[in-house]
*Asks:* 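The structure is given below, and queries will be raised subsequently.
A note on names: the letters A, B, ... follow the listed sequences, proteins ahead of strands, and every chain is numbered from 1.
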Number of protein chains: 2
Amino acid sequence: MVVTIKDVARAAGVSPSTVCRALSAPELVRAETRERVRRSAAELDYSPNRAARGLITGRTGNLGLVVPDLGNPFFPGVVKGIQARAREADHAVFLADTDEDPAAEVRLVRTLAKQVDGLVLCSPRMSGTELRGFATQTPLVLLNRRVGRIPAVTVDNPGGMRQAVTHLTALGHRRIAYVAGPRTSWSNRERVRGLRAAVAAAGAHLAEIGPVQPQFDGGVAAADPVLAAGVTAVIAYNDVIALGLLSRFNARGIAVPAEISVLGFDDIALAAMVHPSLTTVGLPMESSGRAGVDLLLALLRDPEGAGATRRELGTHLMVRASTGPPPTD
Amino acid sequence: MVVTIKDVARAAGVSPSTVCRALSAPELVRAETRERVRRSAAELDYSPNRAARGLITGRTGNLGLVVPDLGNPFFPGVVKGIQARAREADHAVFLADTDEDPAAEVRLVRTLAKQVDGLVLCSPRMSGTELRGFATQTPLVLLNRRVGRIPAVTVDNPGGMRQAVTHLTALGHRRIAYVAGPRTSWSNRERVRGLRAAVAAAGAHLAEIGPVQPQFDGGVAAADPVLAAGVTAVIAYNDVIALGLLSRFNARGIAVPAEISVLGFDDIALAAMVHPSLTTVGLPMESSGRAGVDLLLALLRDPEGAGATRRELGTHLMVRASTGPPPTD
DNA sequence: TTGAAAGCGGTACCAA
DNA sequence: TTGGTACCGCTTTCAA
């Protein structure tokens with residue numbers, strides 16, 4: 001059987017109340033008693049049942065994290081940051097993968113909400129209305145999405161696109177393609193917005209392909225339309241799509257970057273491992289996670305949230321081997 | 001505020017007991033009352049607090065999952081399988097990443113154990129003694145590790161190595177290198193064992209390199225020693241190491257597979273995406289996860305576990321572009 | 001078929 | 001400084 005507070009109380013010859021105090025408000029207990037209780041607790045290897053505690057304090061010491069798809073190498077980075085920061089603050093993290101299913105997402109949020117102090121929703125797929133509903137019931141922080149006044153951590157997508165376009169136009173590219181991610185993705189909309197502005201400002205020409213699934217196969221499928229568009233460079237919604245492009249170009253014998261330059265977004269670990277290595281816009285994945293937890297903890301301390309409820313983080317271009325000057329023919 | 005069973009009871013004009021029954025043992029409630037309760041529950045968007053329920057039933061409907069490092073692309077596959085199977089059985093999954101830290105692993109298991117019905121520990125790093133201790137206190141299933149009689153799901157590592165060696169020797173290779181993973185890894189020990197036997201049976205020669213970190217950089221570091229060993233083929237502990245090998249070979253201008261064949265282990269999604277695509281021993285990652293949950297659920301139903309407590313799953317060789325005949329000079 | 005009451009493992013208040 | 005008691009949200013006897 002699991003050891004409870006009563007077992008410790010009996011072993012130490014005190015009441016459960018005293019055990020509770022000795023462990024969570026030591027200054028209220030006589031030093032001698034405190035020590036006795038602590039020894040008993042240690043001997044019995046006691047640790048309080050957080051769920052039971054949460055029932056009365058309203059605080060479980062647990063955070064919930066919901067992500068759409070752990071298979072997308074972008075998310076593990078965020079998860080790492082969140083876990084690290086949460087652990088520093090002595091909170092455990094419960095993680096749920098929704099498998100890109102908005103309905104499952106709603107169910108999981110509902111289930112999790114009861115057992116945690118607050119939730120971090122990473123790139124949530126559910127509707128803004130649903131999100132607003134949850135936000136009124138439970139402390140909530142969004143990552144990579146903005147909905148009303150819900151606390152959120154985002155990255156500067158337009159700024160990233162600006163850097164990407166500056167890089168390409170400096171190399172001499174004038175005709176650029178974009179392979180779009182899901183229409184429902186907030187990040188995709190932001191990236192398109194920034195891209196159009198940057199391309200227009202540079203007086204270059206933009207060909208928009210897609211949307212495609214933000215996966216390897218999406219990139220494979222987009223490769224031929226990209227070539228048909230007669231561009232000298234292509235920017236993908238994310239790195240995974242870019243890898244699909246590279247693969248298909250390779251299969252068709254198209255040299256990268258000699259014949260076409262390829263640029264990704266996210267800087268997943270993989271981007272540096274493939275050949276040619278992928279030029280990409282790096283996002284601060286771990287920092288995003290940490291910032292999300294910081295916002296959530298602040299929200300828990302001060303539920304009315306007079307403090308900052310928004311964070312926007314910068315991006316940085318990682319120039320690698322997949323981009324170069326356009327062909328000179 | 002969150003809606004509780006009392007709110008539903010009040011709305012439906014019945015007692016909390018009746019609400020409880022109407023939702024979890026419908027046959028005990030008159031049809032008319034049952035409907036009234038259900039409508040009220042739906043209107044108020046009520047869902048029971050699983051932690052509170054767990055306090056009394058001893059069943060939370062939650063499973064805990066502990067993995068060493070989500071950044072290793074091997075684990076998300078397993079996690080997917082576990083989540084899918086758990087969801088079918090109406091269980092939520094709480095996932096903790098230990099960041100490869102055995103001490104953190106112990107802490108997390110202890111914290112999680114109180115809030116879940118049982119735990120799946122994926123490739124646990126803690127000592128066998130500690131594992132045995134936990135196993136007596138809480139329902140536990142191990143993935144990729146065998147310790148005493150603790151229920152476990154493993155894959156046939158020696159069998160996978162046999163397939164790999166058969167493939168290489170059939171191509172004509174006689175001198176093969178192995179880049180080893182961590183000495184503490186149960187899987188690595190099993191793979192080495194199978195490999196030595198298979199190489200000996202084929203009358204070939206084996207050069208053992210490492211151990212190295214099971215990461216990209218580990219593979220990069222191992223590449224030069226592999227070449228120095230004068231082999232015509234190399235098998236890596238896992239795909240990530242193999243990718244590091246490919247990268248370094250490429251940088252040194254060594255053609256794969258013309259000059260040396262490279263073979264991985266795991267079949268992470270990435271293996272098919274790189275160029276040249278990676279021949280590798282595929283493990284049933286999702287099935288492992290599902291099987292783990294199955295074992296755990298069986299254990300919960302029948303704690304004495306008269307049933308099967310072990311599952312070993314098969315492996316399958318994925319022949320791709322990174323292996324070919326040895327150079328003919 | 002339904003309700004009242006006890007209790008799961010804790011914490012918090014009040015009184016001693 | 002300590003113990004008794006009530007209660008968090010829910011389930012489960014036991015009676016009615």
*Asks:* What is the distance, to the nearest angstrom, from the CD1 atom on A:Ile5 to the C1' atom on C:dT11?
*Replies:* 8 Å
*Asks:* Could you tell me whether A:Asp294 and A:Arg311 have a side-chain N and a carboxylate O separated by less than 4.0 Å?
*Replies:* no
*Asks:* To the nearest 10°, give me the bend of the helix from C:dT1-D:dA16 to C:dA16-D:dT1, comparing the axes of its five terminal pairs at either end.
*Replies:* 50°
*Asks:* How about B:Val78 and B:Ile82: do any of their side-chain heavy atoms sit closer than 4.5 Å?
*Replies:* yes
*Asks:* Can you tell whether the side chains of A:Asp101 and A:Arg125 come within less than 4.0 Å, N to carboxylate O?
*Replies:* no
*Asks:* Find the distance A:Asn49:CG to C:dG7:P and express it as a whole number of Å.
*Replies:* 19 Å
*Asks:* Restricting to side chain to side chain donor-acceptor pair (under 3.5 Å), what partner residues turn up for B:Arg87, sequence neighbours left out?
*Replies:* B:Gln83
*Asks:* Would you kindly give the CD-to-P distance between B:Gln115 and C:dG10, to the nearest whole Å?
*Replies:* 11 Å
*Asks:* Could you give me the CA-CA distance, side-chain angles and deciding distance for B:Glu43 and B:Arg38, then say whether salt bridge (charged side-chain N to carboxylate O under 4.0 Å, His left out) is met?
*Replies:* CA-CA 8 Å; B:Glu43 269 165 27; B:Arg38 288 204 164 148; over 6 Å; no
*Asks:* Which whole-number value in Å describes the distance from B:Arg50 CZ to C:dG9 C1'?
*Replies:* 20 Å
*Asks:* Quick one: CD1 on A:Ile5 to OG on A:Ser47, what's the gap to the nearest 0.5 Å?
*Replies:* 11.5 Å
*Asks:* Might you confirm whether atom CZ of A:Arg146 has over 12 heavy atoms from other residues, nucleotides or ligands at distances under 6.0 Å?
*Replies:* yes
*Asks:* Check whether B:Ser24 reaches the backbone of B:Arg21 with its side chain - one donor and one acceptor, N or O, closer than 3.5 Å.
*Replies:* no
*Asks:* Nucleotide by nucleotide, 5' to 3', does protein get under 4.0 Å of the base (B), only the sugar-phosphate (S), or neither (-) in nucleotides 1-8 of chain D, counting heavy atoms?
*Replies:* SBBBB-BB
